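Quantities reported herein were computed from a predicted structural model and do not represent experimental measurements.
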Amino acid sequence: MKELGFNCVKHWAVWNWIEREPGCFDFSELDELVALSGEYGLQVVINTVPEGAPYWTYEGNEEDLYRTADGQRVAYGGPANLPSGGWPGLCMDKPEFAALVAAFIEETARHFANEPAVIAIDVWNEPHLEPMYDYRSNMLCYCRHSRAAFRTWLKGKYPSLNALNRAWYRTYSSWEQVEPPPRFGTWADMLDWRRFWLDNLAGWLKLRAGAARRGAPGKVVQTHVAYSGILGNRIVGGLGNELGDEFLLAREVDWFGLSSFPKWLMGEDHAYRHLIHNEMVAEAAHGKLFYQVELQGGAGKPGLLGGEVPDTGDVKIWNWNTVSAGGKGTVYWQYAPEPAGVESPGFGLTGFAGEDTPRSLAASECAGRLNLPEFDAAVRVPAENAVYVSRSSDLLAFASERREEMYAGSLSGVFRAAYERGIPVRFLHEDYIGELEEGTVRFLYLPMPLVLSERETDYLVRFVERGGTLVSEACPGLYRPDGLLDQKGTALMRLFGLGHREIQGMPGWGMVTARLEDGTVFAGKWYRQLVKPGGDVRVLARFEDGEAAVTERLLGKGRAVWIGTYPSYYHEHGFELDGGGKRDGTRDLLTRFMSPGGYGMIEKVELPECESNEISLAPVVRLHRLEGEYLLTVVNHLEREARVTVTFREEQAFAGGPGKRLELTAPARDGICARWSSGRR
């Protein structure tokens, strides 16, 4: 590892392997590994894994196992990546079990508190409601402790039982009658059940982090998500199902990270999907250090003996994707092939005997090229173009019988359109909508914005009035955060000057087309919304029957644009095969109001013309700031070298002298970086 240029290794501390009897901890094997790491100058992250629970916690506690909505108990066993079994442990809503978990983490942290090689304690490996990856078609957890915790959470939200009855339209006469919804049906109770679990998991993480800080006050505390829960590996969502909310979880730790197995779990489109996951997790980290805590090293496991093996270009693209999003490093899962269980013989960066492979040598090259002080010190510059991320809209889509894929596809579609045009774009989460007041966002796109609170609407109105451009898809704020229809159409009228008339589903849930004034034809998916425009509204496009499809309203110094369907979802799923060029027109619509340069100092970015087989790939340009300097990263996802031209608004001092244009040639499936300050590059 040292010879390849690596400088960090992660070791698992599995609970049942260390505390085989209550109160008796044996760290001898970890001590040996940590000592060996230190001998070779490798920093260490200790990843505590209480999900491998000791079997002495099981005996007599069968009633406290995780329980599904249909009453199935999840017994202890061995999952794919945990040969010692004990998975998934008891539900941590059982206070006594949570205390045992915290004690194990605290003792582990204390054991390594004064070990200089150990730089961080990772307190939760891929936080989510643990059994959900194996029980995706069910819901968890309905054990007695979780039901009691849910009632406590509800009492904190609603001032009285009558208030809950009004919100849920129920007639409970006592709190003991209140139960979580066992199936999909009404929305108000399901939304509260999901929000409870998001808060609950954040509370579990806070407990773990607190234990690590008590044990090792001087060590970094971190966690890492399996993927963006909002997006899902293949852009199918997962927030309401697996319940890993990166925007809540990142608040509880010092460092935040991401697992990625692109060639195994993200499909053929993995270069783009890995990028967007890094971008979302970077936003969730919100200025905290984030990095790729697990990156696919070898073949994943979609079959008996593994799947596709990453090649050298994959390794380079994935590393540069993380760097471009502001990430500070990569740790591979894993160095050598797994020797046991469902994941064997997959994931090894090296060969069976530890010999180098093309991918391990590519990882070595990346370690040498990217382990530089300027990358370490650089801070990502937020793009002026933003895509709005709504936890509330996502959960509403889940409450409608697990339709998160519609919301995730809409989020990605507009991001993808900007990606294909070389336009820098970022995410803005509803938790941080107040940042609109800072004036750094000039363009904001609302994909499938089914839920908008009064507070959000107020911020959006002020954003437009101050000069921002707001573009929204159909039905903005159609529902209130409690899951009830806003029959007044508040957001639609206040922002866009429109009155709601009707929502129409498309035949076969297919597409609907419309034409802009300049003749551009675009398409949307699933639905169209019919509206009544006010007197200050201009119609920019119409559906085939003459109904308004795109409108514009000037509001203060800015403008609010409404699109009466879901073009972003259409664009995400590549419906260009209809032969009518509608995907090109849809991409034009999605990007036409964006700032083409993406940053205040950049006027535009020009990419090479893509060939037909490259339509879903493009180079990625991102800006980073150093003290008195800038870095510009270019990640080339194409199979050929790409010449990228960046035009600045004012002259910059480059190596060849001052100028307004910077031309960079990025090698095929690789990245490059330009740095400029005081005349040098």
Side-chain angles (χ1 to χ4, degrees), residues 8-38 42 44-61 64-66 74-92 94 96-113 115 117-118 120-127 130-131 133-134 204 207-209 211-212 215-216 219 221-224 226 259 293-294 331 333-348:
C8 184
V9 62
K10 180 157 71 94
H11 297 311
W12 270 26
V14 181
W15 187 12
N16 60 24
W17 204 250
I18 291 171
E19 192 181 2
R20 302 185 186 188
E21 296 180 15
C24 298
F25 299 88
D26 181 0
F27 293 101
S28 58
E29 290 187 353
L30 266 182
D31 287 340
E32 186 177 350
L33 288 168
V34 170
L36 190 61
S37 302
L42 297 172
V44 174
V45 174
I46 298 292
N47 200 156
T48 59
V49 185
E51 288 70 37
Y55 281 88
W56 52 261
T57 64
Y58 180 89
E59 300 165 354
N61 293 303
D64 303 320
L65 294 169
Y66 286 99
V74 184
Y76 283 23
N81 60 357
L82 204 61
S84 60
W87 179 89
L90 302 179
C91 177
M92 275 188 55
K94 179 182 173 70
E96 296 83 357
F97 184 75
L100 290 172
V101 168
F104 162 67
I105 294 174
E106 182 174 348
E107 185 63 27
T108 302
R110 181 177 295 111
H111 184 82
F112 294 106
E115 171 54 61
V118 175
I121 308 294
D122 193 317
V123 295
W124 197 345
N125 186 73
E126 300 176 355
E130 188 64 31
Y133 290 163
D134 286 12
W204 290 3
L207 180 144
R208 294 176 183 224
K219 300 295 185 185
V221 174
Q222 71 170 53
T223 191
H224 63 286
S259 293
V293 177
E294 294 181 21
V331 175
W333 185 276
Q334 54 190 20
Y335 187 72
E338 295 201 26
V342 173
E343 292 191 352
S344 174
F347 297 106

**Request:** Report the residues that fulfil side chain to side chain contact (heavy atoms under 4.5 Å, CB included) with Ala109, sequence neighbours left out, ordered by chain and then residue number.
**Result:** Ile121, Ala212, Ala216
**Asked** So, Trp56 and Glu19: side-chain donor and acceptor under 3.5 Å apart, yes or no?
**Response** no
**Asked** Under a 4.5 Å cut-off applied to non-hydrogen side-chain atoms, are His111 and Asp31 in contact?
**Response** yes
**Side-chain touch Val123/Gln222, heavy atoms, less than 4.5 angstrom** = no
**Residues which pass salt bridge (charged side-chain N to carboxylate O under 4.0 Å, His left out) with Glu115, listed by chain and number, not counting sequence neighbours** = none
**Message:** So, using salt bridge (charged side-chain N to carboxylate O under 4.0 Å, His left out) as the criterion, who are the partners of Glu343 when residues are at least two apart?
**Reply:** none
**Prompt:** With side chains defined as the heavy atoms from C-beta onward, is the minimum distance between Glu29 and Trp17 less than 4.5 Å?
**Reply:** yes
**Message:** Can you list everything that forms a side chain to side chain contact (heavy atoms under 4.5 Å, CB included) with Asn16? Sequence neighbours excluded, please.
**Reply:** Val14, Pro54, Ser84
**All salt bridge (charged side-chain N to carboxylate O under 4.0 Å, His left out) counterparts of Arg20, not counting sequence neighbours** = none
**Item:** salt bridge (charged side-chain N to carboxylate O under 4.0 Å, His left out) involving Lys10 - partner list, sequence neighbours excluded
**Value:** Glu294
**Request:** With the side chain counted from C-beta on, respond yes when Trp204 and Val101 share a heavy-atom pair under 4.5 Å apart, and no when they do not.
**Result:** no
**Item:** Derivation of the side-chain contact (heavy atoms from CB on, under 4.5 Å) call for Val49 and Trp87
**Value:** CA-CA 10 Å; Val49 185; Trp87 179 89; over 6 Å; no
**Message:** If you define the side chain from C-beta out and look only at heavy atoms, does anything of Glu130 sit under 4.5 Å from Tyr66?
**Reply:** yes
**Asked** Can you name the nearest heavy-atom pair linking Asp122 to Thr223, along with the distance?
**Response** OD1-CA, 3.4 Å
**Residues Tyr76, Leu90; criterion side-chain contact (heavy atoms from CB on, under 4.5 Å); working and verdict** = CA-CA 8 Å; Tyr76 283 23; Leu90 302 179; 3.4 Å; yes
**All side chain to side chain contact (heavy atoms under 4.5 Å, CB included) counterparts of Asp26, not counting sequence neighbours** = Ser28
**Prompt:** Do you know which two heavy atoms are closest between Thr108 and Ile46, and how far apart they sit?
**Reply:** CG2-CG2, 4.0 Å
**Request:** Compare every heavy atom of Gly77 with every heavy atom of Pro79, then report the nearest pair and how far apart it is.
**Result:** CD-O, 3.6 Å
**Request:** Side-chain contact test, heavy atoms from C-beta onward, threshold under 4.5 Å: evaluate it for Leu42 versus Cys8 and give yes or no.
**Result:** no
**Request:** Check ring-ring contact (aromatic ring centres under 6.0 Å, His included) between Trp12 and all other residues, then give those that pass, not counting sequence neighbours.
**Result:** Trp333
**Message:** Looking at every heavy atom in both Leu82 and Gly52, which two are closest together, and how far apart are they?
**Reply:** CD2-CA, 3.4 Å
**Item:** Side chain proximity check, Leu65 to Cys91, heavy atoms < 4.5 angstrom
**Value:** no
**Request:** Please identify each residue that fulfils side chain to side chain contact (heavy atoms under 4.5 Å, CB included) with Ala98, with sequence neighbours left out.
**Result:** Met92, Leu207
**Prompt:** Under the salt bridge (Lys or Arg N to Asp or Glu O under 4.0 Å) rule, what pairs show up with a residue in residues 50-59, not counting sequence neighbours?
**Reply:** Glu51-Arg208
**Message:** Looking at every heavy atom in both Gly86 and Tyr55, which two are closest together, and how far apart are they?
**Reply:** N-OH, 3.0 Å
**Side-chain donor-acceptor pair present, Glu338, Ser344, cut-off under 3.5 Å** = no
**Complete:** For Glu96, the side-chain hydrogen bond (donor to acceptor under 3.5 Å, both in side chains) test, sequence neighbours excluded, returns none
**Request:** Identify, with sequence neighbours excluded, every residue that meets ring-ring contact (aromatic ring centres under 6.0 Å, His included) alongside Trp15.
**Result:** Phe97, Phe104
**Asked** Are side-chain N/O atoms of Asn47 and His11 paired as donor and acceptor at under 3.5 Å?
**Response** no
**Message:** I'd like to know if the side chain of Thr57 and the backbone of Ala53 have a donor-acceptor N/O pair within less than 3.5 Å.
**Reply:** no
